[in-house]
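Working notes, structure below.
In what follows, chains carry the letters A, B, and so on, assigned in the order in which the sequence lines appear, proteins first and then strands, with residues in each chain numbered from 1. Model, not experiment: these values are computed from the prediction.
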Protein chains: 2
Amino acid sequence: MTRSEENYLKTIFHLGGGDAKSITTNAIAEQMETKPSSVTDMAKKLSEKGLVDYVRYQGVSLTDSGVKTALSIIRKHRLWEVFLVKKLDFTWDEVHEVAEQLEHIKSEKLIDKIDELLDFPKYDPHGDPIPTKDGKFQERDEKLLSEIPINSQGVCVGVKDSSVPFLKFLDKNKIALGNTIKVLDKEDFDNSLRIQMDGKEMRISHQIAANLYVKKND
Amino acid sequence: MTRSEENYLKTIFHLGGGDAKSITTNAIAEQMETKPSSVTDMAKKLSEKGLVDYVRYQGVSLTDSGVKTALSIIRKHRLWEVFLVKKLDFTWDEVHEVAEQLEHIKSEKLIDKIDELLDFPKYDPHGDPIPTKDGKFQERDEKLLSEIPINSQGVCVGVKDSSVPFLKFLDKNKIALGNTIKVLDKEDFDNSLRIQMDGKEMRISHQIAANLYVKKND
DNA sequence: AATTAAATTTAGACAAAACTAAAAATAGAT
DNA sequence: ATCTATTTTTAGTTTTGTCTAAATTTAATT
């Protein structure tokens with residue numbers, strides 16, 4: 001399994017191809033910043049290896065074996081992210097790039113020991129669930145902050161957009177996972193929200209609220 | 001800097017090409033289990049990048065820039081080895097293979113933080129010195145056990161051969177770095193040694209003694 | 001149903017890193 | 001100094017993963 005093959009599997013999984021849904025070569029190419037023709041080549045290769053189902057002009061979807069492989073890479077990526085934050089004091093906006101490299105290290109013992117060192121975390125620094133060794137996901141009842149009713153509240157558990165600018169914005173505004181946020185009011189005009197957090201009130205745009213996952217607790 | 005280029009620089013350094021001594025393509029090929037013609041190709045490439053001096057039919061030696069790069073890779077390799085042993089309970093015969101992969105991770109912050117986490121170790125699990133960030137080596141006055149006189153003693157500080165079989169042999173015979181070993185007698189016939197360690201006497205072959213570094217302390 | 005626009009694949013090319021086989025240079029021995 | 005054996009390089013091929021440009025298929029519209 002080459003690094004490139006692993007990256008394709010991961011991307012197809014993230015685009016939803018894990019549920020046998022067919023993903024177009026174009027979508028994959030755009031996500032990976034490569035050309036559709038390159039994706040076609042790789043689709044054939046992965047298909048021959050039994051990792052994806054590929055139908056010409058239709059797209060690809062992961063086979064069971066492909067899902068299993070994708071999950072093991074995602075597991076490694078997220079565990080390394082936790083390691084970087086918890087053990088080496090990286091910030092949550094610094095970890096992705098390094099984890100993209102570390103996820104390709106081939107050693108089952110290594111990742112199992114990292115898992116143990118971290119005391120078997122269930123979520124990564126962005127709130128994304130870490131698949132278990134046997135490929136199971138921790139399901140969680142989470143909603144976007146933009147979608148819970150006025151006067152309800154929840155604990156911030158994850159981000160939908162984990163880009164560096166968004167994460168830095170959250171830091172600057174002291175919005176962190178674990179914080180409890182209450183929706184006080186919604187502005188019809190632009191869908192911005194008035195919220196309460198740590199006893200303080202603030203206003204956030206719809207853009208922000210639509211990229212924050214919360215777990216309702218009332 | 002590709003992974004392959006890094007591996008060549010590391011090998012040239014280990015073969016002694018750091019002291020401007022010229023290393024033959026054959027020697028490099030043998031060490032890396034590849035073909036001399038492949039080495040020639042890479043020699044040209046590294047030469048164009050200013051990392052080695054290459055003279056046709058003569059061999060290669062590292063430039064200052066090449067030495068610096070080689071040391072940074074060796075530094076990473078050895079720090080990761082310490083990490084694996086100290087933090088993840090790997091044995092000293094398991095670390096090399098994984099460190100071969102980890103040494104190529106590109107993140108200065110990562111390796112500096114690992115260094116800090118380990119409290120700036122000076123030697124790796126096999127007793128090899130870890131270059132500092134600015135490329136300096138910890139020099140140590142060490143001798144092969146086979147070369148110290150009868151009735152002298154020293155602390156075991158490193159291994160010359162760090163192959164898995166040799167390391168396992170040492171484990172089996174309870175020979176570990178840090179142990180004090182006294183040479184009681186030498187057999188002229190086969191150069192084997194009678195030694196004392198932990199109060200117990202044992203006999204070891206010349207082969208073994210010639211691959212154990214000790215620091216004399218009397 | 002025909003036409004056109006968009007998406008997708010094919011064909012051919014390229015760069016990196018390796019290989020094989022043949023050619024060239026070096027070093028050792030007489 | 002010449003010959004020969006060894007070492008080293010060159011030339012040409014292969015594989016992996018990518019690209020461009022051209023051809024093909026699909027989808028959308030009339």
Can you tell me how far [atom2] of [N] sits from [atom1] of [X], to the nearest Å?
{"X": "Asn26(A)", "N": "dT25(D)", "atom1": "CG", "atom2": "P", "answer": "18 Å"}
{"X": "Met32(A)", "N": "dC19(D)", "atom1": "CE", "atom2": "P", "answer": "10 Å"}
{"X": "Asp41(A)", "N": "dT16(D)", "atom1": "CG", "atom2": "P", "answer": "12 Å"}
{"X": "Asn7(B)", "N": "dA16(C)", "atom1": "CG", "atom2": "C1'", "answer": "15 Å"}
{"X": "Ile28(B)", "N": "dT7(D)", "atom1": "CD1", "atom2": "C1'", "answer": "13 Å"}
{"X": "Tyr54(B)", "N": "dT8(D)", "atom1": "OH", "atom2": "C1'", "answer": "7 Å"}
{"X": "Met42(B)", "N": "dC19(C)", "atom1": "CE", "atom2": "P", "answer": "11 Å"}

Per the atom types in the model, does the base of dT20(C) pair as donor or acceptor with the side chain of Ser37(B) at under 3.5 Å? yes
Selection from [options] that lies nearest to any side-chain heavy atom of [X]:
{"X": "Tyr57(A)", "options": "dT8(D), dA18(C), dT25(D)", "value": "dT25(D)"}
{"X": "Arg56(B)", "options": "dT10(D), dT8(C), dT9(C)", "value": "dT10(D)"}
{"X": "Lys35(A)", "options": "dC19(C), dT20(D), dT9(D)", "value": "dT20(D)"}
{"X": "Thr40(A)", "options": "dT9(C), dA18(C), dT9(D)", "value": "dT9(C)"}

Is there side-chain contact between Tyr8(A) and Val60(A), with heavy atoms separated by less than 4.5 Å?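 The answer is no; the side chains never approach within 4.5 Å.
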When you measure from the side-chain N and O atoms of [X] to the phosphate of [N], is any distance below 4.0 Å, counting only OP1 and OP2?
{"X": "Lys44(A)", "N": "dT10(C)", "result": "yes"}
{"X": "Ser4(B)", "N": "dA18(C)", "result": "yes"}
{"X": "Thr34(A)", "N": "dC19(D)", "result": "yes"}
{"X": "Tyr8(B)", "N": "dA18(C)", "result": "yes"}

Tell me which of Glu5(A) and Gln58(B) sits closer to the 5' end of DNA chain D, going by the nucleotide each one is nearest to.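 Here Gln58(B) is the residue nearer the 5' end.
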Most 5' of Pro36(A) and Pro36(B) on DNA chain D, judged by nearest nucleotide: Pro36(B)
Any luck finding a side-chain donor-acceptor pair between Asp124(A) and His77(A) under 3.5 Å? no
Within the 3.5 Å criterion, strictly below it, is a donor on Glu81(A) or His126(A) matched to an acceptor on the partner's side chain?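 Glu81(A) vs His126(A): donor-acceptor pair found between side chains.
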Contact class for Ser38(B) vs. all strands (heavy atom < 4.0 Å): base, sugar-phosphate, or nothing?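 Counting heavy atoms under 4.0 Å across all strands, the contact made by Ser38(B) includes a base.
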Given the ring of Phe90(A), does Lys109(B) sit roughly above its face, with NZ or CZ under 6.0 Å from the centre of the six-membered ring and within 45° of the axis?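 Yes, Lys109(B) sits over the ring of Phe90(A).
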Does Lys160(A) come within less than 4.0 Å of Glu142(A), counting only side-chain N to carboxylate O? no
